Amino acid sequence: MADTAVTHRTEHVNGIDLHWVESGPADGRLVILVHGFPESWYSWRHQIAALADAGYRAVAIDVRGYGGSSKPSSIEDYRMLRHVGDNLGLVHALGAETATIVGHDWGAPIAWTTAQLRPDVFTAVAGLSVPFSPSGRRRPTEAMAQAGGDDEDFYISYFQTPGVVEAEILLDVRRWLLGIYYSISGDGVLAAGGDPRGALGLVPRGDRLSDQFVYPTEMPEWLTEADVDFYAREFADSDFLGPLARYRNIDRDWEDLAAFSDVPIRVPSLFVAGEYDGPAITGRRQIERFDQTLPGLTRSVVLPRCGHWVQQERPEETNQLLLEFLASSAPR
């Protein structure tokens, strides 16, 4: 990205200050990039350059609660409908009428839902790592509780109580970030013995999530010390309320979106995940239903030996897949 000019902007959108980085021609087709937990616009650094160089207007946001965007103090201010509103407001702020939206990790459900609810504006969607999963019949926290057992909690259940995971993160933010980035990457999964459910699977009662982390003896090619430093600076003044509030809104989202539980995403779509990508592995049932839930799906791709951080671990392959998808889904 060093050779590609980028512009940082912050505008009042949907009741908050939204920060984003953009590159590419102002009249280019708009592509909005939505990051996940615990990241920032920076996780799209390789895609911003590739998209801009191909003539697209690439816009990578700091999701509310992160980086340079507003950090509301109420958990419910991070419900899914707020994020959809942010994305819609961003399109208007940029003076565009339509956009393609791309999301990774929590950004993927945000992107999927945005395209599901407003296909008139978001005319194509790509999700990385987390498959599209419409609201089901069961309250999510109940389903998550069953995923654990008598002696373990599923990590999303572990995240539910405010203050618990924050306590371990804030002891050493940089080290915790390095631990989660490496542990669920392809390199980290292989270093830990090859179980992709590892660090973000089940947490034994009384343990911390970070007790399962593995750390690199030397940094992998896709993640440098400077990258980790950047992320650590982004979270330097964060109490992590906003980032963790996404997990703490899953029941509220289930209630808000109940009326859309059987609405498929009909606009052109793309799904990309890693072979060792935990959410894609645990989401196999959702992937098997893509013919019903994503009738506009163009491709579903699994990248060999890749972990969770798809666009960072395998930037060239991800860029090529996105560019092919954008070309195939161009308005006619």
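Every value quoted in this text rests on a predicted model; they were computed, and no experiment measured them. When reading the values below, keep in mind they use all heavy atoms of this one structure, side chains included, and skip hydrogens, waters and symmetry mates. Numbers for residues simply follow the sequence, beginning at 1.
Contacts classified as side-chain hydrogen bond (donor to acceptor under 3.5 Å, both in side chains) and involving residues 288-299 (residues at least two apart or in different chains) are given here: Arg299-Glu324. Residue pairs meeting the salt bridge (charged side-chain N to carboxylate O under 4.0 Å, His left out) criterion with at least one partner in residues 113-123, sequence neighbours excluded, are Arg118-Asp120.
Within the 3.5 Å criterion, the main-chain N or O of Val84 finds no donor-acceptor partner in the side chain of Asn87. Between the side chain of Asp211 and the main chain of Asp207, no donor-acceptor pair closer than 3.5 Å is present. Under a 3.5 Å cut-off, the side chain of Glu275 and the backbone N or O of Arg305 do form a donor-acceptor pair. Panel note: side chain Arg57, backbone Leu94; a donor-acceptor pair is recorded below 3.5 Å. A distance-only check finds a donor-acceptor pair linking the side chain of Gln212 to the backbone of Leu202 [under 3.5 Å]. In this structure, Ser69 contributes its side chain and Gly65 its backbone to no donor-acceptor pair below 3.5 Å.
Contact check for Phe37 versus Ile180: side-chain heavy atoms found under the 4.5 Å cut-off. The side-chain heavy atoms of Leu33 and Ile61, taken from C-beta on, include no pair separated by under 4.5 Å. Looking only at side-chain heavy atoms (C-beta outward), Tyr181 and Phe213 stay at 4.5 Å or farther from each other. With contacts defined as side-chain heavy-atom distances shorter than 4.5 Å, the pair Thr100/Arg29 qualifies. Inter-residue side-chain proximity for Leu90 and Leu18 is flagged as met; some heavy-atom pair is nearer than 4.5 Å. Side-chain contact between Val102 and Trp44 is present, with heavy atoms from C-beta onward closer than 4.5 Å. Residues Val59 and Ile48 have side chains not in contact (no heavy-atom distance under 4.5 Å, counting atoms from C-beta outward). Within the 4.5 Å cutoff, the side chain of Asp277 has heavy atoms near those of the Val310 side chain.
By the criterion of side-chain heavy atoms lying less than 4.5 angstrom apart, applied directly or through intervening Ile, Leu, Val, Met, Phe, Trp or Tyr residues, Leu178 is grouped together with Val173 in one hydrophobic cluster. Placement of Val121 and Leu30 within a single hydrophobic cluster is found when ILVMFWY residues are connected by side-chain heavy-atom separations under 4.5 Å, directly or transitively. Under the 4.5 Å side-chain heavy-atom criterion for grouping Ile, Leu, Val, Met, Phe, Trp and Tyr, Tyr78 is not connected to Val164 through any hydrophobic cluster. Cluster membership for Ile156 and Val130, using ILVMFWY side-chain heavy atoms within less than 4.5 angstrom, is not shared. Cluster annotation: Leu170 is connected to Leu244 through the hydrophobic network of ILVMFWY side chains, with a link wherever side-chain heavy atoms come within less than 4.5 Å.
Atom CG of Leu51 is separated from atom CG of Leu326 by 6.5 Å, given to the nearest 0.5 angstrom. Here CZ of Phe325 is found 8.5 Å from CG of Leu322. Values are rounded to the nearest 0.5 Å. With rounding to the nearest 0.5 Å, the separation of OG1 in Thr113 from CZ in Phe132 is 6.5 Å. The distance from the SG atom of Cys306 to the OH atom of Tyr276 is 10.5 Å, given to the nearest 0.5 Å. Distance check, rounded to the nearest 0.5 Å: CG of Leu88 to OG1 of Thr114 gives 8.5 Å. To the nearest 0.5 Å, atom CH2 of residue Trp222 and atom CG of residue Asp187 are 7.0 Å apart.
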Show the atom names and distances, to 0.1 Å, of all donor-acceptor pairs under 3.5 Å that link a side chain in residues 250-259 to residues at least two apart or in another chain.
{"from": "Asp251", "atom 1": "OD1", "to": "Thr141", "atom 2": "N", "distance (Å)": "3.1"}
{"from": "Asp251", "atom 1": "OD1", "to": "Thr141", "atom 2": "OG1", "distance (Å)": "3.3"}
{"from": "Asp251", "atom 1": "OD2", "to": "Thr141", "atom 2": "OG1", "distance (Å)": "2.6"}
{"from": "Arg252", "atom 1": "NH1", "to": "Asn249", "atom 2": "OD1", "distance (Å)": "2.6"}
{"from": "Asp253", "atom 1": "OD1", "to": "Met80", "atom 2": "N", "distance (Å)": "2.8"}
{"from": "Asp253", "atom 1": "OD1", "to": "Arg246", "atom 2": "NH2", "distance (Å)": "3.4"}
{"from": "Asp253", "atom 1": "OD2", "to": "Arg246", "atom 2": "NH1", "distance (Å)": "3.2"}
{"from": "Asp253", "atom 1": "OD2", "to": "Arg246", "atom 2": "NH2", "distance (Å)": "2.7"}
{"from": "Trp254", "atom 1": "NE1", "to": "Gly136", "atom 2": "O", "distance (Å)": "2.7"}
{"from": "Trp254", "atom 1": "NE1", "to": "Arg138", "atom 2": "O", "distance (Å)": "3.3"}
{"from": "Glu255", "atom 1": "OE2", "to": "Arg139", "atom 2": "NH1", "distance (Å)": "3.0"}
{"from": "Glu255", "atom 1": "OE2", "to": "Arg139", "atom 2": "NH2", "distance (Å)": "3.3"}
{"from": "Asp256", "atom 1": "OD1", "to": "Arg79", "atom 2": "NH2", "distance (Å)": "3.1"}
{"from": "Asp256", "atom 1": "OD2", "to": "Arg79", "atom 2": "NE", "distance (Å)": "2.8"}
{"from": "Asp256", "atom 1": "OD2", "to": "Arg79", "atom 2": "NH2", "distance (Å)": "3.1"}

Using residues 225-240 as the side-chain source, report each donor-acceptor pair under 3.5 Å to any protein atom, sequence neighbours left out, with the distance given to one decimal.
{"from": "Glu225", "atom 1": "OE1", "to": "Arg174", "atom 2": "NH2", "distance (Å)": "2.6"}
{"from": "Asp227", "atom 1": "OD1", "to": "Tyr42", "atom 2": "OH", "distance (Å)": "2.6"}
{"from": "Asp227", "atom 1": "OD1", "to": "Thr224", "atom 2": "OG1", "distance (Å)": "3.4"}
{"from": "Asp227", "atom 1": "OD2", "to": "Arg45", "atom 2": "NH2", "distance (Å)": "3.4"}
{"from": "Asp227", "atom 1": "OD2", "to": "Thr224", "atom 2": "N", "distance (Å)": "3.0"}
{"from": "Asp227", "atom 1": "OD2", "to": "Thr224", "atom 2": "OG1", "distance (Å)": "3.2"}
{"from": "Asp229", "atom 1": "OD1", "to": "Arg174", "atom 2": "NE", "distance (Å)": "2.7"}
{"from": "Asp229", "atom 1": "OD1", "to": "Arg174", "atom 2": "NH2", "distance (Å)": "3.0"}
{"from": "Tyr231", "atom 1": "OH", "to": "Ser43", "atom 2": "N", "distance (Å)": "3.4"}
{"from": "Tyr231", "atom 1": "OH", "to": "Gln312", "atom 2": "OE1", "distance (Å)": "3.0"}
{"from": "Ser238", "atom 1": "OG", "to": "Phe240", "atom 2": "N", "distance (Å)": "2.9"}
{"from": "Asp239", "atom 1": "OD1", "to": "Leu241", "atom 2": "N", "distance (Å)": "3.0"}

In residues 263-272, what donor-acceptor pairs under 3.5 Å come from side-chain atoms, sequence neighbours left out?
{"from": "Ser269", "atom 1": "OG", "to": "Leu297", "atom 2": "N", "distance (Å)": "3.3"}

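The closest side-chain donor-acceptor pair between Asp105 and Ser129, if any, does not fall under 3.5 angstrom. For the 3.5 Å distance criterion, the side chains of Gln311 and Trp309 fail to qualify, holding no donor opposite an acceptor. For the residue pair Ser185 / Glu313, no side-chain donor-acceptor distance below 3.5 Å is found, with atom types taken as modelled.
Nearest heavy-atom pair across Ser23 and Ala52 is OG-CB, 3.4 Å. Contact detail for Ala99 and Val91: the closest heavy-atom pair is CB-CG2, 4.0 Å. Here the closest heavy-atom approach between residue Ala111 and residue Gly103 is recorded as CB-N, 3.8 Å. Nearest heavy atoms, Glu168 versus Leu209: OE1-N, 3.0 Å.
Checked against ring-ring contact (aromatic ring centres under 6.0 Å, His included), Tyr158 has no partners two or more places apart in sequence or in another chain. In this view, His8 and His19, Trp41 satisfy the ring-ring contact (aromatic ring centres under 6.0 Å, His included) rule, not counting sequence neighbours. Shown here are the ring-ring contact (aromatic ring centres under 6.0 Å, His included) partners of His35, two or more places apart in sequence or in another chain: Tyr66. With sequence neighbours left out, Trp106 forms a ring-ring contact (aromatic ring centres under 6.0 Å, His included) with Tyr247. Residues passing the side-chain hydrogen bond (donor to acceptor under 3.5 Å, both in side chains) test with Asp17 are His12, sequence neighbours excluded. Scored by the side-chain hydrogen bond (donor to acceptor under 3.5 Å, both in side chains) test, Glu317 finds Arg314 as partners (sequence neighbours excluded). Scored by the side-chain hydrogen bond (donor to acceptor under 3.5 Å, both in side chains) test, Asp86 finds Asn14, Arg64 as partners (sequence neighbours excluded).
In this structure, Glu166 pairs ionically with Arg248, as a charged nitrogen and a carboxylate oxygen lie closer than 4.0 Å. A salt bridge is absent between Arg205 and Glu152: the closest approach of a Lys/Arg side-chain nitrogen to an acidic carboxylate oxygen does not fall below 4.0 angstrom.
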